[in-house]
Structure formats: structure tokens, C-alpha cells
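Accompanying notes for the structure given below.
Both ligands and their constituent atoms are indexed starting at 1 by order of listing.
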Amino acid sequence: MINKKRIFSGIQPSGNLHIGNYLGAIKNWVALQDEFESIFCVVDMHAITVPQGPETLRKKTIEIAKIYLAAGIDPKKSAIFVQSQVSEHAELMWILNTIAKMSELEKMTQFKDKSRKSGIESAGVGLFDYPVLMAADILLYGTEVVPVGEDQKQHVELARDLAKRFNQKFGETFIVPKAFIKEEGMRIMGLDDPAKKMSKSAASEYNYISLLDDEQTIRRKIKKAVTDSGSEIVYSDEKPALKNLINIFCSFSGKSFKEIEKNFVGKGYGDFKNELANVVVESLKPFQEKFNSISDEDVLKILKEGAEKVRPIAKAKLDEAKRKVGFVG
Ligand code: AMP
Ligand code: TRP
């Protein structure tokens with residue numbers, strides 16, 4: 001048997017997962033799990049780098065795992081686990097902390113964005129160190145490919161740099177991973193502002209369609225979505241709001257934008273939005289049914305098994321790194 005390459009990715013259990021997360025990340029993972037040996041993590045230790053209510057965090061952690069499962073990640077093929085249940089992540093992070101540089105972390109766009117609110121002086125150390133924990137996540141498993149969105153590219157670059165630096169200092173230990181970023185087209189923009197990406201931390205719920213929104217909510221949000229001037233259904237950069245809605249239509253229906261343009265000749269935004277709502281509602285229905293059929297107990301069991309499956313891999317790599325830096329074993 002040919003050894004499959006390993007992929008690793010994760011999502012934070014904070015906010016509401018939306019159709020952008022699905023179309024831009026999870027759908028892609030489902031497609032990759034046959035070709036790669038896949039590990040998908042719920043990164044709760046990353047989530048607490050900004051304040052989270054303990055009850056909400058617990059609820060969201062289970063919810064994200066259920067979303068992975070309902071979307072088609074198969075625990076027989078892939079490992080699904082919670083980051084905090086494999087303590088090797090925190091331990092390797094410490095070692096990597098000693099070779100990471102302040103200047104590398106200071107230039108991270110996500111840190112700059114997230115610390116802007118409080119100001120750098122009051123920003124949490126965990127928020128600053130976030131990319132080093134992410135590097136530990138990736139390097140512990142000999143990950144070769146990291147499927148993420150464009151916004152995470154800089155963090156994967158850091159993981160590459162730290163792997164190379166460690167290998168150079170202490171001898172060959174870590175595989176240098178590569179980011180796998182789906183090309184353009186899969187970036188879903190906010191329904192209330194097509195200039196910014198759809199985001200689970202958006203201020204208004206009219207920014208996104210949550211994967212768990214009910215039919216009425218989906219219809220209301222699509223009806224309220226901003227549109228551009230004019231009334232024709234055309235796919236063009238001059239009409240960014242409509243372009244985004246057509247992208248969503250294409251992604252869920254599998255139709256090309258040409259077909260969609262053709263179907264709506266002579267019709268206006270109202271008809272288009274109505275049909276788009278039908279497509280989104282119908283596409284999310286089987287997913288939501290599956291989601292609702294999975295019990296918390298089932299998920300907790302799958303997560304525990306997932307952690308047990310990956311822990312030996314993480315432990316072996318961590319032990320190797322500890323030996324290399326000179327810790328007595
Ligand atoms: P986040 O919501 O930032 O934690 O991202 C989780 C995953 O979903 C990452 O791989 C992101 O790149 C992806 N993602 C987040 N928002 C979008 C979006 N609006 N369009 C496409 N992909 C997204
Ligand atoms: N930082 C990633 C995000 O917000 C989540 C993440 C944590 C991750 N660790 C990872 C993604 C390791 C890929 C690999 O989207």
C-alpha cells in the first residue's frame with residue numbers, strides 16, 4: 001500500500017459556523033479525506049485566546065464536532081478530536097516558543113487585527129502566541145498538507161519556518177508542511193457587505209447564513225442581503241454583492257454562473273433571491289437533519305476515540321523533539 005500523505009486542519013469553537021466555513025473549508029476536507037490520511041481538530045485552546053464563557057465553549061466544541069460529522073467527515077476514515085484532550089500540543093508549543101521570535105509574531109496580521117481592539121499593551125500573551133500553538137498542531141503529526149483559507153497562510157508559513165529552524169538546530173525532526181489554499185471563488189463574502197468576507201464574529205447576524213439557521217431565517221437573511229444597482233442578473237466584478245450571491249448559488253447547486261445568468265434572463269433580483277433561498281434551504285436540509293440526529297454522547301465518544309487515535313502519533317513526535325533538545329527521557 002502506498003503511504004498516504006497526512007493533512008491536518010482545525011476550526012475554533014467560537015461563533016456560528018456559516019456557509020462560508022462550509023464552502024471554503026469543510027466541504028473541501030470531506031473531499032480530501034479519501035486521498036489523505038486526515039486529522040481534523042476542534043481547536044478549543046485557540047478559542048480561549050479571546051474571552052469565552054465556559055458553558056458556551058463546551059457547547060460550541062460539541063457543536064463543531066457534530067458539524068464535521070454532519071458535513072460528511074467520516075470518523076472511520078479521519079480522526080476528529082479536541083485539541084485540549086491531547087496535551088502534547090501545549091508541550092510542543094513550549095519548545096517551539098523557545099525558537100520563535102517576537103518579531104515574527106508581531107507581524108502576524110491576525111494578531112494585529114485582534115489586538116487592535118484592546119491595544120497591544122493589553123492584548124493577551126495567548127493571542128500573541130496563537131501561531132506557535134498552531135505550528136505545534138501541525139508539526140506534531142508530520143503533516144504535509146494544511147488545507148486552510150487564505151487568511152491562515154501566514155500562520156502556516158510560520159510553522160514551516162519553525163520546522164526548518166528546529167531541524168537545523170537540533171537535527172531532522174519535523175516535516176516542513178505546505179498550505180493548501182483553494183483557489184479564488186470559494187471566498188464567500190458578507191451578505192450585508194460584499195467587500196468583507198462572511199465572518200462568524202460579524203456584528204450583525206445579517207452578515208452570514210449559519211449552517212444551523214432554520215428555513216425562515218435563511219429566507220429572511222437572503223431577502224435582506226444587499227444588492228447592487230440595476231436589476232439584471234449578471235456575474236460581474238462591477239456587481240460584487242450579486243456576484244457573491246451567484247457564487248453561493250453556484251457552490252450549492254453545482255451550476256455554472258453562465259447557466260444561472262441564462263435562467264434569470266428577463267427576471268429580477270426578487271426571483272433570483274427566492275430561488276437562491278430555495279437552493280440554500282434544500283442543500284442545508286440533509287445536513288441539518290443529520291446534525292440533529294447525532295447525540296452529544298455519540299460525539300463525545302467519537303472525540304475520545306479520535307484523541308486516542310492521534311495521541312500516540314503526537315507523543316512519538318514530542319518525545320523525539322524532547323530528546324533532541326536534551327531533555328532527559
Ligand atoms: P474561521 O471562521 O476564521 O475560524 O475559519 C475556519 C475556516 O473556514 C478557515 O479555513 C477559513 O479560511 C474558512 N473560512 C472562514 N470564513 C470564510 C469565508 N467567508 N469564505 C470562505 N472560507 C471561509
Ligand atoms: N487558526 C486556524 C483558524 O482560525 C485554526 C487552526 C488552529 C488550524 N490550528 C490549526 C488550522 C492547524 C490548520 C492547522 O482558521
Side-chain angles (χ1 to χ4, degrees), residues 6-30 32 36 38-50 52 60-61 63-64 67-68 71 79 81-84 86 89-90 92-93 96 108-111 113-114 126-127 129-160 162-163 177-202 207-211 244-245 247-248 251-252 310 314:
R6 184 167 290 146
I7 61 173
F8 183 104
S9 199
I11 295 185
Q12 300 183 55
S14 55
N16 293 316
L17 280 212
H18 51 67
I19 56 171
N21 294 122
Y22 174 69
L23 298 172
I26 304 172
K27 188 176 169 204
N28 195 14
W29 299 355
V30 174
L32 292 169
F36 292 92
S38 312
I39 305 180
F40 301 115
C41 189
V42 183
V43 289
D44 55 347
M45 288 159 67
H46 277 109
I48 61 166
T49 57
V50 295
Q52 306 288 343
K60 284 280 163 191
T61 300
E63 185 182 292
I64 300 276
I67 287 176
Y68 286 180
F81 79 105
V82 180
Q83 189 182 31
S84 62
V86 180
H89 290 244
L92 180 62
M93 175 180 73
L96 296 177
M108 291 292 161
T109 316
Q110 184 176 296
F111 174 70
D113 283 350
K114 288 195 176 173
L127 192 61
D129 212 15
Y130 177 115
V132 180
L133 177 58
M134 181 160 158
D137 296 342
I138 296 168
L139 301 183
L140 267 182
Y141 298 99
T143 307
E144 287 176 84
V145 181
V146 188
V148 279
E150 177 71 33
D151 55 329
Q152 297 299 318
K153 192 170 168 201
Q154 210 183 12
H155 292 159
V156 180
E157 277 302 316
L158 179 78
R160 289 171 58 83
L162 293 179
K178 279 195 191 72
F180 173 67
I181 293 161
K182 266 281 237 195
E183 57 315 334
E184 221 259 313
M186 276 306 144
R187 172 165 286 225
I188 305 299
M189 311 309 280
L191 298 183
D192 58 349
D193 178 3
K196 293 205 193 95
K197 73 170 198 170
M198 185 175 281
S199 162
K200 57 187 177 183
S201 51
N207 169 272
Y208 57 81
I209 295 173
S210 157
L211 289 171
N244 185 41
L245 296 179
N247 272 336
I248 296 172
S251 303
F252 276 118
V310 301

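Those atoms of ligand 1 that come under 4.0 Å of a heavy atom in Lys197, given as number and element, are 15 (C), 16 (N), 19 (N). Which parts of ligand 2 touch Tyr130 is read off a 4.0 Å heavy-atom cut-off, strictly below it: atoms 1 (N), 2 (C), 3 (C), 4 (O). Heavy-atom contacts of Gly24 reach the following atoms of ligand 1: 21 (C), 22 (N) (cutoff under 4.0 Å). Taking a cut-off of under 4.0 Å to the non-hydrogen atoms of Lys200, the atoms of ligand 1 that pass are 1 (P), 2 (O), 4 (O). Listed by number with element, the atoms of ligand 2 under 4.0 angstrom from any heavy atom of Ser9 are 11 (C), 13 (C), 14 (C). Close approach to Val148 involves these atoms of ligand 2, each under 4.0 Å from a residue heavy atom: 11 (C), 13 (C). Of all atoms in ligand 2, numbered sequentially from 1 with element shown, those under 4.0 Å from a heavy atom of His46 are 7 (C), 9 (N). Taking a cut-off of under 4.0 Å to the non-hydrogen atoms of Ile138, the atoms of ligand 2 that pass are 12 (C), 14 (C). Short contacts between ligand 2 and Val146, defined as distances under 4.0 Å to a heavy atom of the residue, involve ligand atoms 13 (C), 14 (C). Annotation for ligand 2: atoms under 4.0 Å from non-hydrogen atoms of Gln12 are 4 (O).
Taking the centre of each ring, His155 and Phe111 stay at or above the 6.0 Å mark.
If you look at Leu23 next to ligand 1, there are no close heavy atoms at all, none under 4.0 Å. Only the side chain of Gln152 comes within 4.0 Å of ligand 2, judged by heavy-atom distances. Residue contacts with ligand 1, taken as heavy atom pairs separated by less than 4.0 Å, involve Met198 via backbone and side-chain atoms alike. Contacts of His18 with ligand 1, taken as heavy-atom pairs under 4.0 Å, involve the side chain alone.
Residue-to-ligand polar distances keep Arg187 apart from ligand 1: every N/O pair is separated by 3.5 Å or more. Where the criterion is an N or O separation shorter than 3.5 Å, residue side chain and backbone included, Glu150 fails it with respect to ligand 1. The shortest N or O to N or O distance between Ile188 and ligand 1 is under 3.5 Å.
Residue contacts with ligand 1 do not include Gln152, since none of its heavy atoms lies under 4.0 Å from the ligand. Not close to ligand 1: Met189, with no non-hydrogen atom less than 4.0 angstrom away.
Side-chain contact between Leu32 and Val145 is absent, with no heavy atoms from C-beta onward closer than 4.5 Å. Contact of the Phe81 side chain with the Val86 side chain is registered, since non-hydrogen atoms from C-beta on lie closer than 4.5 Å. Under the 4.5 Å side-chain criterion, counting only non-hydrogen atoms from C-beta, Leu23 is in contact with Phe252. Inter-residue side-chain proximity for Met134 and Gln152 is flagged as met; some heavy-atom pair is nearer than 4.5 Å. In this structure, the side chains of Gln52 and Thr61 stay at 4.5 Å or more apart for every pair of heavy atoms. Taking 4.5 Å as the limit, some side-chain heavy atom of Leu211 sits within range of a side-chain heavy atom of Ile19. Side chains of Val148 and Lys153 form no contact here, defined as non-hydrogen atoms less than 4.5 Å apart. Counting heavy atoms from C-beta on, the side chains of Val50 and Leu127 come closer than 4.5 Å.
Ranked by closest heavy atom to atom 12 (O) of ligand 1, the top entry among Pro13, Gly149, Ser201 is Gly149. Summarising the contacts of atom 14 (N) of ligand 1 with Ile181, Asn21, Asn244, Asn207, the nearest heavy atom is found in Asn21. Of the candidates Met45, Met134, His89, Gln110, Met134 brings a heavy atom nearest to atom 6 (C) of ligand 2.
Asp151 pairs in a side-chain hydrogen bond (donor to acceptor under 3.5 Å, both in side chains) with only one of the listed residues (Arg187, Lys197, Gln110), which is Lys197.
The aromatic rings of Tyr141 and His89 lie tilted to each other, with the angle between the two planes from 30° to 60°. Note on ring orientation: taking the six-membered ring where Trp is involved, the planes of Trp29 and Phe40 are parallel (angle under 30°, cut-offs 30° and 60°).
Here the heavy atom of the protein found nearest to atom 9 (N) of ligand 2 is Asp137 OD2, 2.7 Å. Scanning all protein heavy atoms for the shortest distance to atom 11 (C) of ligand 2 gives Gly10 N, 3.5 Å.
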Worksheet item: Between Gln83 and Asp137, is a side chain to side chain donor-acceptor pair (under 3.5 Å) present by the stated rule, with each step listed?
Response: CA-CA 8 Å; Gln83 189 182 31; Asp137 296 342; 3.0 Å; yes
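Judged purely by atom type and a 3.5 angstrom limit, Ser38 uses its side chain to pair as donor or acceptor with the backbone of Phe36.
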